Amino acid sequence: MLDICNLHASVDGKPILRGLDLHVGTGEVHAIMGPNGSGKSTLAQVLAGRDSFTVEDGSVSWDGVDLLAMPTEERARAGLFLAFQYPVEIPGVSNAYFLKAAVNAVRRHRGEPEYDAMDFLKRVKAEMKAVGMSEEFLYRSVNEGFSGGEKKRNEVLQMALLEPRLAILDETDSGLDIDALRTVADGVNRLRSPERSMIVITHYQRLLDYIVPDQVHVLSRGRIARSGGRELAQELEARGYGWIEDLQGAQAARGAAS
Amino acid sequence: MSTLEHWLQRYNAGRDTLPGAGVPWLDALREEAIMRFADEGWPSNRLENWRHTSLTLLEERSFAAAAAPLTAAAVVQGLRRDDDGAAGGHWLVFVDGRHAPALSDIGALPAGAQIRALADVLATRPEWVEGHFGTADDGASPAALNAALAADGAFVRLARGVTLEAPLHLVFIGGVREDASLVRNLVIAEANAEATIVEHYVGAEPAAAGSAASAGALSNAVTRIAAGHDARITHLKLQEEGRNTVHLAAIDAVQARGSVFASHSLSFGAQLARNDIATRFEGEGCEALLNGLFHVDGRRHVDHHTRIDHAQPRGTSREFYRGVLDGAGRGVFAGRILVAPGAVRTDAMQRADNLLLSAQAEADARPELEIYADDVKCAHGATVGQIDEDSLFYLRTRGLDETHARNLLTYAFAAEVLARIGLAPLKRRAQAAIRARLPGGELMEAL
């Protein structure tokens, strides 16, 4: 479904991703873990189309289509969703308007009829209930003054409404207490389906107790340093990221020597 | 012929027929005012307060009525339909600076409330106006021209404790037959009185595209507001003059102890608009909100100069100005806050933010704080910037195309100012007015 080959990306001339390879099959949930600065968020932003990052080399194929050639909004309409690590506050735009505009942009693209106000409200209220958001958040400006947990719930709400084929969750667990984490994870788990792939980016193993991945990858220095089952996450939790970096350093040294 | 002479001749020809002519204090005031104007001429950028907005171009510019004037009755009908539906309200309409009784509808007023045309009051009861009219020395020279030549305007007087439930709408339609309208509005609110006053300035657009540089009308307005102690006055000005009109206006408020004054200045039209807005706290514990939004495009120019005079202790002022600048438009904001010696526990906050939509647009935002008292809280901030890239990206990741996202963020930037307008019908009217001017505004209906 998603094939990332030899991806190199930089920001302001500074390389961040340095030859990343990743394959995510349809319906699979992949966790990407890694220390700060390893390139986790950069990967998420590049996949979503942020143009402040420059793709220097490599390719990303999504169901056979060149993802990197698509503008950000077309990726979204085609079913790519990024849950932001730091959702952006947009004063003056009501959450209701924003959600409806987003849902209808996606529905138009799919050839489905746009929601009118009534249909939309019915749908959004049901989804809000499921993620534990009160209806008052419909009429507040997008994310403005929301707590960390409320912002993350709002991201999961958007994901539920947009029904993506590929969801990328960028540190959705950061800044959440255990109750909020559970609610958010429940929201994500409800959306797991054989048609929907997910990339769950996290610094901590904790989230993976709730969202159980099919595969775990460790990102270090802009590359996947190691892949495995969920036991890899537990190993990381026990041993920290240091040994991965040491391992990578040793590999690099061997590569240079040979 | 320089247009200064045009105005002097106009004064000489008309002074004996101005309303209230023959009333000694008024004759003297008008005489003094025209002399000041003749002496100073139009303000030039040699004056600090006019550094970014020179009016010397007006010396060569002739004024003219609109080629295709608005039908005043249709304008009023449109405004009334938008604003109050069946609810009524009080409507006082002026065409080319003269009261149009047939278009006005004062409606039912509570006892102790007077809403009249200033010309009538000057002609019949000039003593009501004496002491409230202002002086020849007020403001800049255009205010002096106004003092000399303004023949009409609104006279509003609210006795102690009187509340005007529905807004008073003052509608000024310019360029219909005349090249200039000069109006002077006087609002006298006694203790505990309460009212919302809306000034609509509406003008015709130039007949043909590309004729914006041709002569348009002059619109010159002075509004003076006296808020008695604990009075609450909300003033909303919606400037939608034609694109070749020059709009020169001043709003001057004085506030007695505990009074609350809110000014919303929405400046969307005119070739050049200058708004001087000032309030002075003459008693303790006053509150003022100065809220403003302007939009310029083409080669249009809008300038707001505000002044909040914390002359007494425990005053609170909040000031929020925003500009949306497109094309080669120019925006100026200068906000002066004065905290007098002894005005302790003053709490003043000012923000001015400008959003540039094009590389040719230019904004100047200049806070000026003069603080002569201790134990005060004063904060200010000014920004000039473009659409926030993070917000744009966020919206695009949700499927909104770039144009829609940009338009949405532009409208949202403007709408935040309008959110401070308390009365829902006025807020809706203001939102519709800015939507009509911003790109893609029609998409924002449901916002």
Side-chain angles (χ1 to χ4, degrees), chain A residues 44-45 47-53 70-84 86-110 116-117 120-121 139 141-144 151 154-155 157-159 161-162 164 167-168 170, chain B residues 266 291-293 295 320-324 351 353-355 357 381 383 385-421 424 427-428 430-431 434-435 438 440-447:
Chain A
Q45 300 262 316
L47 292 177
R50 184 79 199 235
D51 56 13
S52 51
F53 296 95
M70 297 166 77
T72 297
E73 55 268 36
E74 284 179 23
R75 299 181 199 194
R77 291 172 193 169
L80 185 147
F81 180 86
L82 169 63
F84 280 55
Y86 302 110
V88 180
E89 299 193 2
I90 308 185
V93 178
S94 78
N95 217 13
Y97 179 93
F98 166 66
L99 295 170
K100 184 163 170 250
V103 171
N104 280 337
V106 170
R107 289 179 69 87
R108 259 197 312 278
H109 178 85
R110 289 188 198 141
D116 66 15
F120 169 72
L121 283 173
Y139 304 104
S141 290
V142 177
N143 293 325
E144 192 188 28
K151 284 179 179 167
N154 207 28
E155 295 292 288
L157 170 67
Q158 291 164 46
M159 179 162 75
L161 288 169
L162 297 178
I168 304 161
D170 187 6
Chain B
L266 312 177
N291 188 40
L293 175 66
H295 170 252
F320 305 97
Y321 267 80
R322 283 194 169 183
V324 178
R351 277 215 62 86
D353 299 296
N354 293 283
L355 178 60
L357 299 182
T383 61
Q386 288 148 2
I387 294 276
D388 177 55
E389 289 294 327
D390 289 337
S391 305
L392 197 58
F393 179 62
Y394 189 64
L395 292 174
R396 292 178 69 200
T397 64
R398 300 311 185 240
L400 277 67
D401 65 59
E402 184 169 350
T403 305
H404 184 186
R406 278 186 188 280
N407 293 345
L408 179 59
L409 292 169
T410 303
Y411 177 70
F413 175 83
E416 271 198 282
V417 172
L418 308 182
R420 295 190 191 92
I421 299 172
K427 186 179 350 195
R428 281 198 299 272
Q431 286 166 340
I434 191 68
R435 273 201 305 267
L438 293 180
E442 68 284 353
L443 288 174
M444 313 301 162
E445 291 274 336
L447 205 66

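Quick caveat, the model's predicted, so the values are computed rather than measured. Lettering follows sequence order; numbering is per chain, from 1.
- Summarising the geometry of E73(A) relative to E402(B), their closest heavy-atom pair is OE2-N, 3.3 Å, with the distance given to 0.1 Å.
- For L409(B), the part lying under 4.5 angstrom from a heavy atom of chain A is the side chain only.
- Per-residue heavy-atom pair counts under 4.5 Å with chain B were compared for R75(A), Q158(A), H109(A), and the maximum is reached by Q158(A).
- In terms of the ring pair (Phe, Tyr, Trp, His ring centres under 6.0 Å) criterion, residue partners of Y321(B) (sequence neighbours excluded) are, by chain and number, H304(B), F333(B).
- Considering every non-hydrogen atom in both P87(A) and Y394(B), the closest pair reads CB-OH, 4.0 Å.
- Nearest approach of G399(B) to A76(A), heavy atoms of both residues: N-CB, 3.5 Å.
- For V142(A), the part lying under 4.5 angstrom from a heavy atom of chain B is the side chain only.
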Criterion side chain to side chain contact (heavy atoms under 4.5 Å, CB included) on F98(A) and L395(B), from CA distance to verdict: CA-CA 8 Å; F98(A) 166 66; L395(B) 292 174; 3.5 Å; yes
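- R108(A) is linked by a salt bridge (charged side-chain N to carboxylate O under 4.0 Å, His left out) to E114(A), counting only residues two or more places apart in sequence or in another chain.
- The minimum heavy-atom distance linking T397(B) with A48(A) is given by the pair CG2-CB, 4.3 Å.
- Minimum interatomic distance between A412(B) and P91(A) (heavy atoms only, all atoms of both residues): CB-O, 3.5 Å.
- Ion pair E155(A)/R398(B) flagged as a salt bridge, since at least one NZ, NE, NH1 or NH2 atom sits closer than 4.0 Å to an Asp/Glu carboxylate oxygen.
- In this structure, the separation between OH on Y86(A) and CG on D390(B) is 12.5 Å, given to the nearest 0.5 Å.
- Within the 4.5 angstrom heavy-atom criterion, only backbone atoms of E89(A) (N, CA, C, O) approach chain B.
- Taking CG of L400(B) as the reference point, atom CG of N104(A) lies at 10.0 Å (rounded to 0.5 Å).
- Heavy-atom distances place no part of N95(A) under 4.5 Å from chain B, backbone and side chain included.
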Using side chain to side chain contact (heavy atoms under 4.5 Å, CB included), reason through R50(A) and E389(B) one step at a time and then give a plain yes or no. CA-CA 10 Å; R50(A) 184 79 199 235; E389(B) 289 294 327; 3.9 Å; yes
